**Student:** 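Structure provided below as structure tokens; questions to follow.
The figures that follow rest on heavy atoms only: side chains count, while hydrogens, waters and symmetry mates do not. In what follows, chains carry the letters A, B, and so on, assigned in the order in which the sequence lines appear, proteins first and then strands, with residues in each chain numbered from 1. Quick caveat, the model's predicted, so the values are computed rather than measured.
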Amino acid sequence: MNGMIRFLRNQRKTDIILLAVALGCLIATAVQYPLSTTFPIGGDGAAIIQRVQHTLTDPLLTIRNISHTWYPVSYALFSSNALIPHVYWPTAFSSWMALGQILTGLAIGRLVYRLAGIQASALAMGLWALTPITMTSFFEDGTMAQLWSLPWLILFFERMHQRSLKGMFLFCLLALFSHPITAAILIGTLIITALILWIHRHTELKKQEQMLKIVYLICAFACVIIASAALLFKKSIITLQFTHEASKYAQDMFHGFFLPWLLAGIFGWATIIKNHASRYVFFTSMGSFIFLSILLAMNNSLGIGFWTNRLNSYLILCIVIFAAIGMDKILKNLNNQFITAAISICLIAGLAMSTFVDNKNIYTRYESSSTYARIHPDELAAIAWMNTNLPNYADVYSTIKTRNYEWIPVLTSLRWKPLEDWEIPSVQNNHAIIYPIFVYFTRAEGVPEDVWGRPDIFRLEYHNDGAMIFHIIPL
Amino acid sequence: MKKQLELLGSYLMLLAIISAALRYNQLIVIAMFVAGFALVLDGNSKKIAYLQMHLFLVIPYLAVLFPLPIPREWPGLIRLAAAFGIWTLVLCILFWIISFFSNKHLYSNRGK
């Protein structure tokens, strides 16, 4: 704390004001999500909560659940919410997402501070504040693990800049086990950098850089072996099915409101690499990361279209980091402290306000019960009814027409299993199932005639405008 | 003179950023930015090793402009890996060529 106060005392007043504005914008656009919504948006929230919600009551189950995922670090951190008394997991999830967004902004700020000073750091945090919903899909998709992998990735680069091997190792591990896409990008970055360092062997690097180079080559070799082993044991990754996805952010990035930051980012890169000789390993790594990020974000233009929107966030990270450095350089060239601060504050605050208003409309749309953009209040009412009225040995079945069904095991203590319509007779004939229940969320799918017209077999237990719950009478 | 050009370039780039934020004509924005960029460039920018670092931006741009004819019947991730592998190879080869010339340049300077 004392160190922080001392640090702030050493800064110019204009820089402190700019930093406060940037932090305010970062927190405002992130916290807006949990404050404007009553339930998480996106399909992944339920699956994530289900794995960790019994941390205190059944820690062994949670450990087993976490160890069988691709995101152990992200899940382990999220499970700490269990320590909050009477936690309501859906709300905790939205707040945790906001915290991930803020932490990523702070990590970006720290890295940019190392590269270009406090003004650039504030600009970077301010720019990251413009990204939720408009340029990244974390909040809308509920991709908590990926969002929580970003701070570790950025801090890995920050530690590399400071030539801290321990820090690099720690954040590398955290990033690798937070999300597989981040891990793949990090491994790709390590491999490309190692190749370039190997090619560049004639150049005289500093002693510390030489050590980093050796560490790099060893790490890249280890990563290749680990990644090959992972692919060997999980061959299904290679044949992963996906539908071609065009980038919904490309328009804004190349023609819309993010274009100035893309241009400033190119200038920022051109500026910062002037001193690359002194930190050759760091800048080569950052360059490799930029190279991979651009290719991934634009992979639909390469004729592939693999998860283009989710992969866009890494390019956004690069643009934010280097746009802040570029913008800082442009403003410093003006040689007027007051004008510099005024322009920065007006730009950041103005654009953050515009993002805030845009996002407010989007959150309102998600909250509206008429749009059915997230789980409907009628469906929540049906789930609440099941929790209070069904015996805890009841088995709940549903189709997988909507991911809203995934909230059943999260919000109740009942077992839930997804089924196809044609599998219903198998439930009916299975005498081991004592109390089978079939749920239909009628906004997503109609109740089939076979079910609706057979009250002797499918007894209607509960219904409202959005849900119907049937008790299947065993044969 | 150099300082004045740098100032002019910075103002041009700042104007371009503000114009883009206000959704002005995109071509004018880019033209202003490029002009400002050119004015701010200094002697350091002519160094070969400095140019080398720009390959990280140029190669992906080329990749987008010239998509590789990778067979469509291959699994998606294999196509992704193949595209990345080939462009990484291009990057490394260009790095090696530039590095060869920059080292040659470096050692030739040392001899003088």
**Student:** So which residue, A:Ile290, A:Thr284, A:Leu259, A:Asn300, ends up with the most heavy-atom pairs under 4.5 Å with chain B?
**Tutor:** A:Thr284

**Student:** Working to the nearest 0.5 Å, report the span between CG of B:Leu57 and CD1 of A:Ile273.
**Tutor:** 7.5 Å

**Student:** So which part of A:Phe306 gets closer than 4.5 Å to some heavy atom of chain B, the side chain, the backbone, both or neither?
**Tutor:**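 Side chain of A:Phe306 only, per the 4.5 Å heavy-atom cut-off to chain B.
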
**Student:** Given B:Phe56, which of A:Ser293, A:Cys318, A:Ser288 fulfils the side-chain contact (heavy atoms from CB on, under 4.5 Å) condition?
**Tutor:** A:Ser288

**Student:** In terms of heavy-atom pairs under 4.5 Å with chain B, which of A:Asn335, A:Leu292, A:Leu296, A:Leu351 leads?
**Tutor:**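 Counting heavy-atom pairs under 4.5 Å, the top option is A:Leu296.
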
**Student:** Any non-hydrogen side-chain atom of A:Ile266 less than 4.5 Å from a side-chain atom of B:Phe37?
**Tutor:**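 Counting from C-beta outward, A:Ile266 and B:Phe37 do come under 4.5 Å.
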
**Student:** Okay, side chain of A:Trp261, backbone of B:Ile17: is any donor-acceptor separation there less than 3.5 Å?
**Tutor:** no

**Student:** Using modelled atom types and a 3.5 Å cut-off, is there a donor and acceptor pairing between side-chain atoms of B:Arg72 and backbone atoms of A:Ile304?
**Tutor:** no

**Student:** What option among B:Leu68, B:Leu91, B:Val29, B:Leu55 has the most heavy-atom pairs under 4.5 Å with chain A?
**Tutor:**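 Heavy-atom pair counts peak at B:Leu91.
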
**Student:** Take A:Phe267 and B:Val40 through the test side chain to side chain contact (heavy atoms under 4.5 Å, CB included) and record every step on the way to the result.
**Tutor:** CA-CA 10 Å; A:Phe267 177 66; B:Val40 173; 3.8 Å; yes

**Student:** Considering only heavy atoms, which portion of B:Phe33 lies under 4.5 Å from any heavy atom of chain A: side chain, backbone, both, or neither?
**Tutor:**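 The answer is the side chain of B:Phe33.
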
**Student:** Which one, A:Ile294, A:Leu263, A:Leu331, leads in non-hydrogen pairs under 4.5 Å with chain B?
**Tutor:** A:Leu263

**Student:** To the nearest 0.5 angstrom, please state how far the CD atom of B:Glu6 sits from the CD1 atom of A:Ile330.
**Tutor:** 11.5 Å

**Student:** Considering non-hydrogen atoms only, spot the tightest contact between A:Ser301 and B:Val64 and give its length.
**Tutor:** CB-CG1, 3.7 Å

**Student:** Which bit of A:Met327 is near chain B, if near means a heavy-atom gap under 4.5 Å: side chain, backbone, both or neither?
**Tutor:** side chain

**Student:** Could you grab the distance from atom CH2 of A:Trp307 to atom CG of B:Leu77, nearest 0.5 Å is fine?
**Tutor:** 8.0 Å

**Student:** With rounding to the nearest 0.5 Å, note down the distance linking OG in B:Ser10 to NZ in A:Lys332.
**Tutor:**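 One finds 12.0 Å between OG of B:Ser10 and NZ of A:Lys332.
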
**Student:** Taking every heavy-atom pair that is under 4.5 Å apart, which of B:Ala20, B:Pro60, B:Ser19, B:Gly36 has the most such pairs with chain A?
**Tutor:**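 Most heavy-atom pairs under 4.5 Å with chain A: B:Pro60.
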
**Student:** Distance from A:Leu295 atom CG to B:Leu80 atom CG, nearest 0.5 Å?
**Tutor:**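 The distance works out to 8.5 Å.
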
**Student:** Under a 4.5 Å heavy-atom cut-off, does chain A meet the side chain of B:Ala16, its backbone, both or neither?
**Tutor:** neither

**Student:** Consider side-chain contact (heavy atoms from CB on, under 4.5 Å). Of A:Ile339, A:Asn333, A:Ile343, which one does B:Leu14 pass it with?
**Tutor:**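 Only one option passes, and that is A:Ile343.
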
**Student:** Under a 4.5 Å heavy-atom cut-off, does chain A meet the side chain of B:Ile70, its backbone, both or neither?
**Tutor:**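 No part of B:Ile70 comes within 4.5 Å of chain A.
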
**Student:** Please report the closest heavy-atom contact between B:Met53 and A:Tyr280, naming both atoms and the distance.
**Tutor:**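 Where B:Met53 meets A:Tyr280 most closely, the heavy atoms are CE-CE1, 3.8 Å.
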
**Student:** Please classify the contact of B:Trp74 with chain A as side chain, backbone, both or neither, using a heavy-atom distance under 4.5 Å.
**Tutor:**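 It is neither, since no heavy atom gets under 4.5 Å.
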
**Student:** Report yes if some heavy atom in the side chain of B:Thr88 is under 4.5 Å from a heavy atom in the side chain of A:Phe291; otherwise report no.
**Tutor:** yes

**Student:** Heavy atoms, side chains only, cut-off 4.5 Å: are B:Phe84 and A:Leu302 in contact?
**Tutor:** yes

**Student:** Can any side-chain N or O of B:Gln26 pair as donor or acceptor with the backbone N or O of A:Phe254 at less than 3.5 Å?
**Tutor:** yes

